Amino acid sequence: MKSKILPADPKAGYLAAEAEIDAAIKRVMHSGHYILGAENEAFEKEFASYLGVAEVAAAANGTDALELALRAAGIGAGDKVITVANTVTATAAAIVAVGAKPVFVEIEPETMLLDLGATEQLLTTVRDPRIKAVVPVHLYGQPVDLPRLMEIARTHNLAVIEDCAQAHGAAVGGRKAGAWGQLAAFSFYPTKNLGAFGDGGAVAGSDPVLLEKVRLLRQYGWRKRYVSELHGRNSRLDELQAAILRVRLGRLETENAHRAALAARYTERLRDGPVRLPATAPGRVHVWHQYVVRTPQRDTLRAHLEQQGILCGVLYPVPVHRQPAYHRVELTLPETERACAEVLSLPLHGGLQTGDIDRVCDAVLAWRP
Ligand SMILES: *Cc1c(COP(=O)(O)O)cnc(C)c1O
């Protein structure tokens, strides 16, 4: 029996830097500081410098980072926020958490990213003054057309809060995802390109007033200890995860290059195969958080691969507007719904080699829909 190929493998990220990560953990344990200390400060500076932003404020997870960013940007009760429905419900949950309402816009059929034409049309025809912000999701590692989005946002006076949970290192025209919007939110969930070994998140940006507000909101509204200036909450990153993330950040470019090489191998081998391959728009650096193929017979392909020990993911099987908690009876988004019915993430992570990708490709090519 051949070994199993997993869709993602966070343990491979540990094994690739085991000695360094062990040393980082030991350093924190001996420091006597476990929450918001020197490791957090160093990680925030290093990640800000990597992204090309002025500041990063770490948080407890990606959903919190989005919520803190929206609140810092002044989005609240009665406001509406444009986003997509082919995302993890966390994107919508953060919008709802600040008291706002998500406005789900259609996706482009090729990239499966927010359709900017549809966004512009909505803004010019509906002209709803309650629409205050847009949360673009850089899905699967490919950034949205950020120059165009920023132009639309300027014209319509919207805040842009980037959901970068799948796009650590992605870029458009040499400028990183996370360095475009007023603020950007990152997740360091273990399977993300930059993953901790527990929960973690961060808000990035270059406006010191907004970043200061995020820092207050993430810890009881404190600027000074025991003085709550704002109605804040607790969303801190612990020192162990910050120290681990510093090690992982040092390897991010190498690991993203490895992902890109594996993705290129899939594309080369599957060019004439039975599935639709992912489309990368020109001028964008895609960091291949997922390698997503499409077929209307997704479930039978998935079962065929599983029989051979190849496990695939589906991101996401049910769009947010069809989830019980967020159901919008009146809303139909045909491209979004079609994507959710057809997408299949082939295995892609740092622990795989070209031979593993070839095994997956052989199995896909042997499949008869
Ligand atoms: C992972 C993810 C989140 C949420 O991050 P958590 O750290 O799990 O809270 C938000 N948006 C997208 C697109 C994600 O992939």
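None of the values given here were measured: they were computed from a predicted structure. Read the numbers this way: they start at 1 and go in the same order the structure lists the ligands and their atoms. Heads up: numbering here begins at 1 and tracks the sequence.
Proximity to Val137 (heavy-atom distance under 4.0 Å) selects the following atoms of ligand 1: 13 (C). The contact set between ligand 1 and Ala90, taken as ligand atoms under 4.0 Å from a residue heavy atom, comprises 4 (C), 10 (C). The contact set between ligand 1 and Ser187, taken as ligand atoms under 4.0 Å from a residue heavy atom, comprises 1 (C), 5 (O), 6 (P), 7 (O). Below 4.0 Å from some heavy atom of Val88 lie the following atoms of ligand 1, by number and element: 2 (C), 3 (C), 10 (C), 11 (N), 12 (C), 14 (C). Which parts of ligand 1 touch Tyr316 is read off a 4.0 Å heavy-atom cut-off, strictly below it: atoms 15 (O). Numbered from 1 in the order shown, with element, the atoms of ligand 1 that lie under 4.0 Å from a heavy atom of Gly62 read 5 (O), 6 (P), 7 (O), 9 (O). Every atom of ligand 1 with a heavy atom of Thr91 under 4.0 Å away is listed here by number and element: 11 (N). Taking every non-hydrogen atom of Thr87 and a distance limit under 4.0 Å, the qualifying atoms of ligand 1 come out as 13 (C).
Glu337 and His321 share a donor-acceptor pair across their side chains, judged by distance under 3.5 Å alone.
We find that Arg276 and Glu110 are joined by a salt bridge, their nearest charged nitrogen and carboxylate oxygen being less than 4.0 Å apart. Under a 4.0 Å N-O distance rule, the pair Arg148/Glu108 does not qualify as a salt bridge. A salt bridge is defined here as a Lys NZ or Arg NE, NH1 or NH2 lying under 4.0 Å from an Asp or Glu carboxylate O, and Glu335 with Arg338 meets this definition. Using a cut-off of 4.0 Å between Lys/Arg side-chain N and Asp/Glu carboxylate O, Arg251 and Glu20 are scored as not salt-bridged.
Gln142 pairs by the side chain to side chain donor-acceptor pair (under 3.5 Å) definition with nothing, not counting sequence neighbours. Take Ala133 and apply the side chain to side chain contact (heavy atoms under 4.5 Å, CB included) test, not counting sequence neighbours, and it matches Ile75, Val81, Ala159.
Residues Val144 and Val137 share a hydrophobic cluster, clusters being chains of Ile/Leu/Val/Met/Phe/Trp/Tyr side chains in contact below 4.5 Å.
Given atom 14 (C) of ligand 1, the protein heavy atom at minimum distance is Lys192 NZ, 3.1 Å. In terms of protein heavy-atom proximity, atom 11 (N) of ligand 1 is nearest to Asp163 OD2, 2.8 Å. The nearest heavy-atom contact from the protein to atom 9 (O) of ligand 1 is Thr63 OG1, 2.5 Å.
For the pair Phe186 and ligand 1, no heavy-atom separation below 4.0 Å is found.
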